[in-house]
Number of protein chains: 2
Amino acid sequence: MKPPSEKTAGRRKSRPSFEPLQPHEIELADFFVRMAGILGVPRSVAEIYALLYLAPRPLNFDLIQGRLGMSKGSVSQGLKFLRDHEMILSVKAPGSRRESWMPTPSLASSLVALLRSQVLPALEQATPSLKRVLQDAQQNGTTPAVVERLERLNRWNSRALELFPLLLPPPPGS
Amino acid sequence: MKPPSEKTAGRRKSRPSFEPLQPHEIELADFFVRMAGILGVPRSVAEIYALLYLAPRPLNFDLIQGRLGMSKGSVSQGLKFLRDHEMILSVKAPGSRRESWMPTPSLASSLVALLRSQVLPALEQATPSLKRVLQDAQQNGTTPAVVERLERLNRWNSRALELFPLLLPPPPGS
DNA sequence: CCCAAGTTTCAATATTTTTTGAACTCAAGC
DNA sequence: GCTTGAGTTCAAAAAATATTGAAACTTGGG
């Protein structure tokens, strides 16, 4: 908490209260929250994104926290997530060492980055497992039908791995 | 096809104990569980699917419950989910009124059905909201940049709705 | 150096989702 | 119309996830 040196005198330089969310902000947030849900992204992250999406200019940490009424921890983690997935950009205001945030220009490529980060690792990690399962099945004299299934699964996996980079080219920095 | 492979003839017709999962079954289950996780499908469902995927022939309720060691409730709900998403087929053994289950031939179309059922409703439901948010923004004199963002979002939404049925044709029964 | 604004960390807590199991339904055969 | 096997339902328990907030960390300026 704050040390007992709170200046009560006169007006404070930053208002303690923030404008509550407007109806259109709530509506867009709902949309992003639903979409995020499909990909397993937590609500708080989607809310932050929605807020930035409708903001005419970049917002800083405190504004986000205040307007969404969420904890510092959540804002910090939410921004980290969005940063890590290249969904937001920071703009440093010249005189201040604060960062302000805005959505990256392309939502499409943001989503791509997100999908990539979820699906690709899973596919990659699965490859050796799938191969093992197939070999195992072939040796232990399983039904041809099962072997066939597993072969298809393997083909699928490798095709997906090939195709992924073509469809969704990785960003420059990776 | 009765179970003549049970060499332990002359015993009780239903054993109280079931074979524990084999390593390859566990490995495949892990894979399906991970993939399912991305789409928010619960672990128990993925496990059931994996078991059926490796089974040389259709399995009935009790076998599934016994081998996976899960509750009746979970098996029932899991099978319901898989049925609803057209990921499994039932085969009624003649003579018995029990159903046995096997995976549908195409995992690909199973996944398609699943994706469809998750994403499409969200997109459809969102359309009017997105339109409202855009109009609101246009009227309330928001920055051109924000209006532009929202226009793009709307275009995106309608394109996705158009494209979806083309890429992923709905099954005959809907 | 030291301070303090700005942010991150993470253990504790709250919330949401999944699983369980006992009570119930539903047909089929008697 | 009763019994029984097969499965479903759903409230309550367990597990998994997300959020909170106070303490710790970082960094630029004095």
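Sequence lines set the chain letters: A, B, ... in the order given, protein chains first and strands last, and positions in each chain run from 1.
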Measuring to OP1 and OP2 of dT20(C), would you say a side-chain N or O of Ser74(B) lies under 4.0 angstrom away?
yes
Using a heavy-atom distance cut-off of less than 4.0 Å, which residues of residues 28-52 of chain B contact DNA chain D?
none
What are the residues of residues 63-72 of chain A, sorted by number, that bring a heavy atom to within less than 4.0 Å of DNA chain D?
Met70(A), Ser71(A)
Can you measure [X] atom [atom1] to [N] atom [atom2] for me and round it to whole angstrom units?
X        : N       : atom1 : atom2 : answer
Lys80(A) : dA18(D) : NZ    : P     : 15 Å
Lys92(B) : dA28(C) : NZ    : C1'   : 13 Å
Gln77(A) : dT19(D) : CD    : C1'   : 8 Å
Leu79(B) : dT19(C) : CG    : P     : 13 Å
Arg97(A) : dT26(D) : CZ    : P     : 14 Å
Leu59(A) : dG6(C)  : CG    : C1'   : 16 Å
Phe61(B) : dT8(D)  : CZ    : C1'   : 8 Å
Asp62(A) : dT8(C)  : CG    : P     : 12 Å

Are Ser110(A) and Thr104(A) close enough that a side-chain donor and a side-chain acceptor fall under 3.5 Å?
yes
Strictly by modelled atom types, are Asn157(B) and Thr127(B) linked by a side-chain donor-acceptor pair under 3.5 Å?
yes
Within the structure provided, determine whether Ser117(B) and His85(B) are in side-chain contact (heavy-atom separation under 4.5 Å).
yes
Heavy-atom distance under 4.5 Å between the side chains of Glu99(B) and Phe61(B), does that happen here?
no
Those residues that, when tested against Lys131(A), pass salt bridge (charged side-chain N to carboxylate O under 4.0 Å, His left out) (two or more places apart)
none
Is it true that a side-chain atom of Ser106(A) and a backbone atom of Ala108(A) form a donor plus acceptor pair closer than 3.5 Å?
yes
For the atom pair CD1 (Ile48(B)) and CE (Met87(B)), what is the distance rounded to the nearest 0.5 Å?
11.5 Å
Provide the closest heavy-atom pair for Glu25(B) versus Arg67(B) in the form atom of the first, atom of the second, distance.
OE1-NH2, 2.8 Å
Tightest non-hydrogen contact, residues Pro105(A) and Leu89(A), listed as CD-CD1, 3.9 Å
From the list dT8(D), dT8(C), dT7(C), which nucleotide is the closest neighbour of the side chain of Glu99(A)?
dT7(C)
